[in-house]
A.B. asks: 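Sharing a structure with you now.
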Amino acid sequence: MKILVLGSGAREHAIVLSLLQESPAHQIVCAPGNAGIAASGAEVRELDYVNPAAVAEFVAAEGFDLVVIGPEAPLVAGVADPLREAGVPVFGPDKAAAQLEGSKAFAKAVMDAAGVPTGAAEPVTVENAAEVLNRFGAPYVVKADGLAAGKGVLVTSDRDAALEHIAHWAPQGEVLAEEFLDGQEVSLFFFSDGKTVRPLSPAQDFKRIFDNDEGPNTGGMGAYSPLPWVADDFVQEVTDTIALPTVRQLAEQGTPFVGLLYCGLIVTAKGIKVIEFNARFGDPETQVVLARLQSPLSEYLLASATGSLDKLPNPQFQDDAAVIVVLASEGYPATAVTGRELTGLAEAAAHEGVSVVHAATAISDNRWIATGGRVLGVVGRAASIAAARELAYKALAEIKLEGGQHRSDIAAKAANL
Ligand code: AMP
Ligand code: GLY
């Protein structure tokens, strides 16, 4: 198959690696991609990938059997729409259905209509903020509507900080106050063709920059899969109570969801609840989930895009574990110092069971350079979480980046279960 993958991060690198490993006969083009993706053997092309017209023109000129849209920005911008209209199989929802991620208010309305369990929420304004926060109580959860590059959500016990967050975001659109949900977080992905869903394997992400979940939120500093602590019927329960009702509701209201339904969940004492939906694969969870996928990824992407998921069984996963540890630049997540040299990549990747996925790298004068906040991730795969974790950290230790930051406690608790 000739497949176009849109995006430039480690998630897209993981998707590309999975497709290449599945069949060397695939022709994979990644736009805009990154230096690591190019080094893995995909063709990397420049493209204004959040611009629907530019992408439609590129796809028409090149001809692809399948287009996979990685990040949320092109989805919310409507990049899928003209492609689907032109009859190209696209993995990724239309602009209307991408609102599931693009608008917290839209997502809440869908969950309400579908009876999907989630935290209570209500719109909050500068005027009623004090009263609403009092009613919800601490810790306060305040969410700006719309994509805010991870900065729109604040979870805090500091009432003044919550009020400030509301005052900052209210002029830019709707803001929601939400019930605080206490429990372990799970990311569970589903392939969806608009009617049928097929679950992937659960993963857990580590969102805060520092060990012990301290410091500000990031895009994700590490992840592991599977989760030994979830109930045996966890995936079935999420399928029945969350993923299917959501996909059915979206179809019923005329905005069918074709692509990857990312269920961001909290396992509370009162059951599994949704904290957010995303309309694409999670990063860095995808890097550990796809590492364990045995079934051919392209078949599931294409069946989703063409409405034939019901013909495929649930995808199969290796009975092992994968752990990713992310390496970030100095200063991330506030202002990352970029342009520094990276060494030891080949040495890290030489460990059996290790792959290095690139998020923001470039090659300059034959040297690897870090070009962004999250630079790369080291994935270790082994028979147990403890072994996969040890492998990932051992390989990461080969990589040197001045000022580089990584957490030292990724999957530490799960490794001891
Ligand atoms: P989001 O951008 O919606 O993924 O939120 C970022 C992070 O905030 C989540 O990963 C959770 O850790 C936390 N969070 C969001 N909503 C809630 C909630 N209702 N209760 C507790 N934590 C939350
Ligand atoms: N890892 C969180 C996300 O992809 O949104």
Side-chain angles (χ1 to χ4, degrees), residues 7 9-12 14-15 70-73 75-76 98 100-108 111 116-122 124 133 136-157 161-162 165 169 175-189 200 202-209 212-225 259-290 324 326 328 333 357 359 373-374 377 407 410:
R11 162 185 47 217
E12 287 74 30
I15 293 170
E72 61 274 23
L75 292 167
V76 171
L100 195 64
E101 171 164 5
S103 163
K104 306 268 184 207
F106 179 94
K108 282 288 181 195
M111 285 188 266
V116 166
T118 183
E122 66 180 65
V124 59
L133 290 186
F136 277 96
Y140 307 103
V141 180
V142 183
K143 298 188 174 184
D145 200 47
L147 294 183
K151 297 196 172 87
V153 176
L154 183 69
V155 182
T156 182
S157 291
H165 196 73
W169 287 100
V175 180
L176 297 175
E178 193 173 285
E179 173 191 357
F180 176 77
L181 299 173
D182 194 15
Q184 290 280 337
E185 282 189 58
V186 179
S187 303
L188 182 55
F189 305 157
L200 287 91
Q204 188 171 48
D205 178 19
F206 293 75
K207 287 215 166 84
R208 305 272 181 165
I209 183 80
N212 302 315
D213 296 328
E214 285 172 12
N217 263 324
T218 69
M221 294 299 292
Y224 67 96
S225 173
L260 197 288
L261 178 67
Y262 169 133
C263 299
L265 309 165
I266 293 199
V267 184
T268 75
K270 289 191 203 143
I272 305 165
K273 299 201 179 182
V274 174
I275 44 167
E276 64 163 351
F277 284 123
N278 291 319
R280 37 89 195 161
F281 282 102
D283 186 345
E285 300 96 307
T286 298
Q287 290 87 307
V288 285
V289 172
L290 293 188
I324 180 168
V326 171
V357 283
R374 287 192 298 172
R407 280 182 60 157
I410 303 300

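We count ligands from 1, going down the list as the structure has it; atoms in each ligand are counted the same way.
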A.B. asks: Run the side chain to side chain contact (heavy atoms under 4.5 Å, CB included) test on Val142 and Thr156 for me, step by step, so that the C-alpha distance in whole Å, both residues' side-chain angles and the decisive distance to 0.1 Å come before the verdict.
C.D. replies: CA-CA 9 Å; Val142 183; Thr156 182; over 6 Å; no

A.B. asks: Under 4.0 Å from any heavy atom of Asp205, which atoms of ligand 2 are there?
C.D. replies: 1 (N), 2 (C)

A.B. asks: Nearest 0.5 Å, what's the CG-OH distance between Leu154 and Tyr140?
C.D. replies: 11.5 Å

A.B. asks: For atom 5 (O) of ligand 2, find the nearest protein heavy atom and state the residue, atom name and distance (0.1 Å precision).
C.D. replies: Arg280 NH2, 3.0 Å

A.B. asks: Which atoms of ligand 1 sit under 4.0 Å from any heavy atom of Glu185?
C.D. replies: 9 (C), 10 (O), 11 (C), 12 (O)

A.B. asks: Give yes or no for whether the N/O distance cutoff of 3.5 Å, strictly under, is met between Glu285 and ligand 2.
C.D. replies: yes

A.B. asks: Considering only heavy atoms of Phe180, which atoms of ligand 1 have at least one such atom less than 4.0 Å away?
C.D. replies: 20 (N), 21 (C)

A.B. asks: In a check of side chain to side chain contact (heavy atoms under 4.5 Å, CB included) between Glu101 and each of Asn278, Leu75, Leu261, which one passes?
C.D. replies: Asn278

A.B. asks: So for ligand 1, is Asn217 a polar contact partner (N or O within less than 3.5 Å, distance only)?
C.D. replies: no

A.B. asks: Report, in ascending order of atom number, the atoms of ligand 2 lying under 4.0 Å from any heavy atom of Gly282.
C.D. replies: 4 (O)

A.B. asks: Given Leu265, Asp205, Val153, Asp213, identify the one with the heavy atom nearest to atom 2 (O) of ligand 1.
C.D. replies: Val153

A.B. asks: Can you confirm, on distance only, whether ligand 1 has an N/O atom lying under 3.5 Å from any N/O atom belonging to Leu181?
C.D. replies: yes

A.B. asks: Nearest non-hydrogen atom to atom 14 (N) of ligand 1 belongs to which of Val142, Val155, Leu154?
C.D. replies: Val155

A.B. asks: For the CD atom of Gln204 and the CD atom of Glu185, what is their distance to the nearest 0.5 Å?
C.D. replies: 7.5 Å

A.B. asks: Assess the residue pair Glu276 and Val153 against the criterion (side chain to side chain contact (heavy atoms under 4.5 Å, CB included)); give the C-alpha distance rounded to whole Å, side-chain angles, the decisive distance to 0.1 Å, and a yes or no.
C.D. replies: CA-CA 11 Å; Glu276 64 163 351; Val153 176; over 6 Å; no

A.B. asks: Less than 4.5 Å apart, side chain to side chain, heavy atoms only: is that true for Thr218 and Val326?
C.D. replies: no

A.B. asks: Test of understanding: given a 4.0 Å heavy-atom threshold, classify the contact between Lys104 and ligand 1 as side chain, backbone, both, or neither.
C.D. replies: side chain

A.B. asks: Within ligand 1, which atoms have a heavy atom of Glu276 less than 4.0 Å away?
C.D. replies: 1 (P), 2 (O), 3 (O), 4 (O)

A.B. asks: For Lys207, take its heavy atoms, then give the atoms of ligand 1 lying under 4.0 Å from any of them.
C.D. replies: 4 (O), 10 (O)

A.B. asks: Check each atom of ligand 2 against the heavy atoms of Gly219 and keep those under 4.0 Å away; list them by number with element.
C.D. replies: 1 (N), 2 (C)

A.B. asks: Spell out, as yes or no, whether a donor-acceptor pair under 3.5 Å connects the side chain of Glu179 to the backbone of Ala120.
C.D. replies: yes

A.B. asks: Is there a polar contact, in the sense of an N or O pair closer than 3.5 Å, between Asp283 and ligand 2?
C.D. replies: yes

A.B. asks: Output the distance between atom NZ (Lys104) and atom CG (Leu176), rounded to the nearest 0.5 Å.
C.D. replies: 9.0 Å

A.B. asks: Does Ala359 offer a backbone N or O that forms a donor-acceptor pair with the side chain of Arg374 under 3.5 Å?
C.D. replies: no

A.B. asks: May I have the step-by-step check of side chain to side chain contact (heavy atoms under 4.5 Å, CB included) for Val357 and Ile324, ending in yes or no?
C.D. replies: CA-CA 9 Å; Val357 283; Ile324 180 168; 3.9 Å; yes

A.B. asks: Before you tell me yes or no, could you show the steps for Arg407 and Asp213 under salt bridge (charged side-chain N to carboxylate O under 4.0 Å, His left out), namely the whole-Å CA-CA distance, both residues' side-chain angles and the distance that decides it to 0.1 Å?
C.D. replies: CA-CA 9 Å; Arg407 280 182 60 157; Asp213 296 328; 3.0 Å; yes

A.B. asks: Could you check whether any side-chain heavy atom of Ile15 comes within less than 4.5 Å of a side-chain heavy atom of Leu290, counting everything from C-beta outward?
C.D. replies: yes

A.B. asks: Look only at interatomic distance and state if Glu276 has a nitrogen or oxygen under 3.5 Å from any nitrogen or oxygen of ligand 2.
C.D. replies: no

A.B. asks: Which ligand 1 atoms, with their elements, are less than 4.0 angstrom from a heavy-atom of Lys143?
C.D. replies: 3 (O), 15 (C), 16 (N)

A.B. asks: With atoms numbered from 1 as shown, which atoms in ligand 1 lie under 4.0 angstrom from a non-hydrogen atom of Glu178?
C.D. replies: 16 (N), 18 (C), 19 (N)

A.B. asks: Would you call Gly220 a ligand 2 contact, heavy-atom distance under 4.0 Å?
C.D. replies: no

A.B. asks: Report, in ascending order of atom number, the atoms of ligand 2 lying under 4.0 Å from any heavy atom of Asn278.
C.D. replies: 5 (O)

A.B. asks: With side chains defined as the heavy atoms from C-beta onward, is the minimum distance between Tyr262 and Glu285 less than 4.5 Å?
C.D. replies: yes

A.B. asks: Non-hydrogen atoms of Tyr262 versus ligand 2: any pair closer than 4.0 Å?
C.D. replies: yes

